Amino acid sequence: MIMPIPFYDPYISYDDNYQTGPFGLFAQPLDTPIKALTPSYFLNLKVNLPFGIPAGPLLNANYIKAAFNYGYDLCVYKTVRTQYHKSHPLPNVLAVHPQGKLTNSLSTVLADNDYRQPLSITNSFGVPSFSPDVWQVDMAEAVASAAKGQYVIGSFQGTQGKGLIEKDYALAARLVYETKAPILEANLSCPNEGASRLLCFDIAQVERIVNEIKNTVPDRPLLLKLAYFDDNRKLIALLERIGTLVDGFSAINTLSAKPINHEQQPALGEKRVESGVCGEAIRWAGLDMVKRLAQLRQEMDLNYAIIGVGGVSTPEHYQHYRQAGADAVMSATGAMWHPDLALTIKQNLN
Ligand SMILES: Cc1cc2nc3c(=O)[nH]c(=O)nc-3n(C[C@H](O)[C@H](O)[C@H](O)COP(=O)(O)O)c2cc1C
């Protein structure tokens, strides 16, 4: 099967993608009308179809405009910070070929440039960001480009080493709020800053971050981007602390693994022996998290929204996430290599 040209080019740097992308279909205007559907509600907003692209592949307003144009109605602007932060050098994206199911226990996976279906990739950027004076203008432009029934979600995170991290998260939230992004998403699940554990597993810290954000920006829906929790007791503990404070969860981010090349060496270089895997190999984990979040929502009498993320590349995958309890579904890897995925899902709906 010939792979379509991805809208993010894995062979060139993040900066070159930022300046010259998107590519492939996303670089061309759509010349057929998009099938109109009965709108749904997501966080009390009327959305054409609760399907979109999660934080990452949509680097700036040019990418968001293309995604809206191709029928993705919930588009997350790639995670920003309160200060400039450089991207890791190439490679940032590689295909990975796990043997069987990828577990959550740092498996070693072969990584190369052989992109084929069913596709799993690793991505390793270090959460780059321009400074707020650059991204605020651009994010505001992305927000303004939404057509009826479409929304930008502004993803952000705090940076370690800038005083109390919760203060930096709150500052980032305020800066995103100023762009008029209708939904905020705090990323608590990217492995970076040399952190040995992900922020979302430090429940006391998450509570401080959420409180600080909500005190600073009380009147804008707040989502938390979570990693896969294999310990359900930990997930319950998290929900007990912040389940009534936030408006929803986006789950999941990547599963960590150790990518190696054909010579058995770290595929991303000696300094990056671990990285996040996404795509086909993690769908089981995304679905499992969504099912548990939906079950706990009912059992604990909470009413947060759930965005299901992980390994979605067909209309059936979209349906599986909806059946698992997701109020909205998103695809990063799938959409990158199938830019017409939202159109296909819409065509398949009655
Ligand atoms: C190229 C790329 C960049 C990403 N960057 C971010 C990011 O900046 N912030 C974030 O929360 N997640 C980021 N992610 C993770 C995705 O949002 C998503 O959680 C993950 O890829 C799983 O979805 P998928 O299987 O559809 O790819 C990135 C993913 C990809 C593929």
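Remember, it's a predicted structure, so these values are computed and weren't measured experimentally. Just so you know, ligand 1 is whichever comes first in the structure, and atom 1 is the first atom listed for that ligand.
Every atom of ligand 1 with a heavy atom of Lys225 under 4.0 Å away is listed here by number and element: 10 (C), 11 (O), 12 (N), 15 (C), 16 (C), 17 (O), 18 (C), 19 (O). Atoms of ligand 1 lying under 4.0 Å from at least one heavy atom of Gly311, given by number and element, are 24 (P), 25 (O), 26 (O). Distances below 4.0 Å separate heavy atoms of Thr79 from the following atoms of ligand 1: 7 (C), 8 (O), 9 (N), 10 (C), 11 (O). Residue-ligand proximity, Ser331 to ligand 1, at heavy-atom distances under 4.0 Å covers atoms 26 (O). Per-residue contacts place Val309 under 4.0 angstrom from the following atoms of ligand 1 (heavy atoms of the residue considered): 18 (C), 19 (O), 22 (C), 23 (O). Counting the atoms of ligand 1 from 1 in the order shown, those under 4.0 Å from a heavy atom of Gly310 are 23 (O), 25 (O).
Summary of contacts: the protein heavy atom closest to atom 20 (C) of ligand 1 is Cys278 CB, 3.8 Å. Taking atom 15 (C) of ligand 1 as the reference point, the nearest protein heavy-atom neighbour is Asn253 OD1, 3.4 Å. Atom 19 (O) of ligand 1 has as its closest protein heavy atom Ile252 O, 2.9 Å. Looking from atom 26 (O) of ligand 1 to the surrounding protein, the closest heavy atom is Ala332 N, 2.9 Å. The closest protein non-hydrogen atom to atom 3 (C) of ligand 1 is Gly56 CA, 3.4 Å. The protein atom (non-hydrogen) at minimum distance from atom 30 (C) of ligand 1 is Asn123 ND2, 3.4 Å.
Checking Ser131 against Asp133 by side-chain atom types alone, a donor-acceptor pair falls below 3.5 Å. With hydrogens and angles left out, the side-chain atoms of Thr82 and Asp168 include a donor and acceptor closer than 3.5 Å. Looking at Gln319 and Gln323, their side chains never bring a donor and an acceptor atom within 3.5 Å of each other.
Side chain of Glu141 to main chain of Ala61: no donor-acceptor pair is present (N/O by atom type, distance under 3.5 Å, no hydrogens or angles). Distance alone, capped at 3.5 Å, places no donor-acceptor pair between the Asp114 side chain and the Ala95 backbone. Checked by atom type and distance alone, the side chain of Tyr72 pairs as donor or acceptor with a backbone atom of Pro339 at under 3.5 Å. For the pair Asn92 (side chain) and Phe125 (backbone), a donor-acceptor distance under 3.5 Å is absent.
Tested against Tyr228, the residues Thr254, Asn253, Asp288 include a single side-chain hydrogen bond (donor to acceptor under 3.5 Å, both in side chains) partner, Asp288.
Residue contacts with ligand 1 include Phe125, since one of its heavy atoms falls under 4.0 Å from the ligand. Residue contacts with ligand 1 leave out Asn92, since none of its heavy atoms falls under 4.0 Å from the ligand. Residue-ligand proximity: Gly279 is placed with a non-hydrogen atom under 4.0 Å from ligand 1.
Using a 30° and 60° split on the angle between ring planes, Phe51 and Tyr318 fall in the perpendicular class, above 60°.
No cation-pi contact links Lys78 to Tyr63, judged by a cut-off of 6.0 Å to the six-membered ring centre and 45° from its axis.
In this structure, OH on Tyr151 lies 11.0 Å from CZ on Phe42, to the nearest 0.5 angstrom.
Ligand 1 has a nitrogen or oxygen under 3.5 angstrom from a nitrogen or oxygen of Lys78. Taking only nitrogen or oxygen atoms, main chain and side chain alike, Met336 does not reach within less than 3.5 Å of ligand 1. Some N or O of Asn187 is nearer than 3.5 Å to an N or O of ligand 1, by distance alone. Where the criterion is an N or O separation shorter than 3.5 Å, residue side chain and backbone included, Thr333 meets it with respect to ligand 1.
With distances taken over non-hydrogen atoms, the option nearest atom 17 (O) of ligand 1 out of Ala186, Ala251, Ala55 is Ala55.
Between Lys214 and Asp247, at least one side-chain N (NZ, or NE/NH1/NH2) sits under 4.0 Å from a carboxylate O, which counts as a salt bridge.
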